Amino acid sequence: MQIRSIGETIGAEVIGLNLKQHLGAETIETLKDLLTRHIALVFRDQILTPPEYAKAVEIFGEPMHSQYAAEFAIDGSPMVTTVSNQHWDKFGNRVKHGQIWHSDQTHRKNPPNFTSLYGVTIPGVGGDTGILNTRDGYESLPEEMKSRLDKMVMHNLVSSGRARLADSTKNFILAPDEIAKPGRSHPLIRVHPEAGTKAIYFHALKIDHIDGMSPEETREFIKGLLGEIETPKFIYRHKWLKNDLLIWDNRSALHQAFFDYDLSQERLLQRIIIKGTPPFGPAMPYQEDAANA
Ligand SMILES: [Fe+2]
């Protein structure tokens, strides 16, 4: 197994590993450490059926149901959902999965630790997945800004929050009982439970407001914050090849899909999210009861 850095501050490619093969405990620990450190890992040329894909990512944790499982789950593999540019909502609009910086499912008490994507059908040019290192991004900010961010609590809604930075087409495909679920408050700065590092954490569609700010003020604040850290130094853009397996740590990064390509060409990925624990940080300290609930 060889490791190759693929971004300035984020991303590593793992070479020479077939994820269908049994991996020893030492290798699994090494991979987990690499994922924490590099935030995103790439495994090329993995020939995996949906059940094999689900089995392969279990080395990083237990797969969990997506909120879109009913709509996009693969028959026989309920933890694997499809991410396609050929999905349409009930009004005939193209569903743009993940079109803006976010961390997955921030409306949940236990958002996923990791998200993985697997390349099935890739457009000729473009359609990258971007991963933004909000750990080093946070550390790059002035001290007074960091201490201000440390105090912030954000509130998220399951569909789309009032401070959203774009409109969500997924609102129209969520089941009413899903939309009716209560939102969830999380710290804007979360601490990585294993590494102890801090990172900026939000979902730019689900965010409704930050405590003490109106939704409009929240939107402007989030835009400004992104403006500080959205630089090539902190971004890994994954240029997809068929049979790529990409996985990243949602506790240290945001991600988005770039819709900068010919949308008539199919882009089909498979996605698995891995169970997580309640986010905690300076504004919302760790609670053992919550973690065990
Ligand atoms: Fe996502």
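As the structure is a prediction and not an experimental result, all values here were calculated from the model. Ligands are counted one by one from 1 in listed order, and the atoms in each one are counted from 1 as well. Numbers for residues simply follow the sequence, beginning at 1.
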Check for me: within less than 2.8 Å of the Fe ion (ligand 1), which protein N/O/S atoms show up?
H102 NE2, D104 OD1, H255 NE2
State whether the number of non-hydrogen atoms from other residues, nucleotides or ligands found under 6.0 Å of K146 atom NZ is greater than 12.
yes
Please test W101 against H255 for ring-ring contact (aromatic ring centres under 6.0 Å, His included), starting from the C-alpha separation and ending with a verdict.
CA-CA 5 Å; W101 292 118; H255 61 278; 8.3 Å; no
Heavy-atom distance under 4.5 Å between the side chains of R251 and P279, does that happen here?
no
Atom NZ of K20: over 12 foreign heavy atoms under 6.0 Å
yes
Tell me, do L48 and N243 make a side-chain contact under 4.5 Å, heavy atoms counted?
no
Do P50 and Q270 have side chains that approach each other closer than 4.5 Å (heavy atoms only, starting at C-beta)?
yes
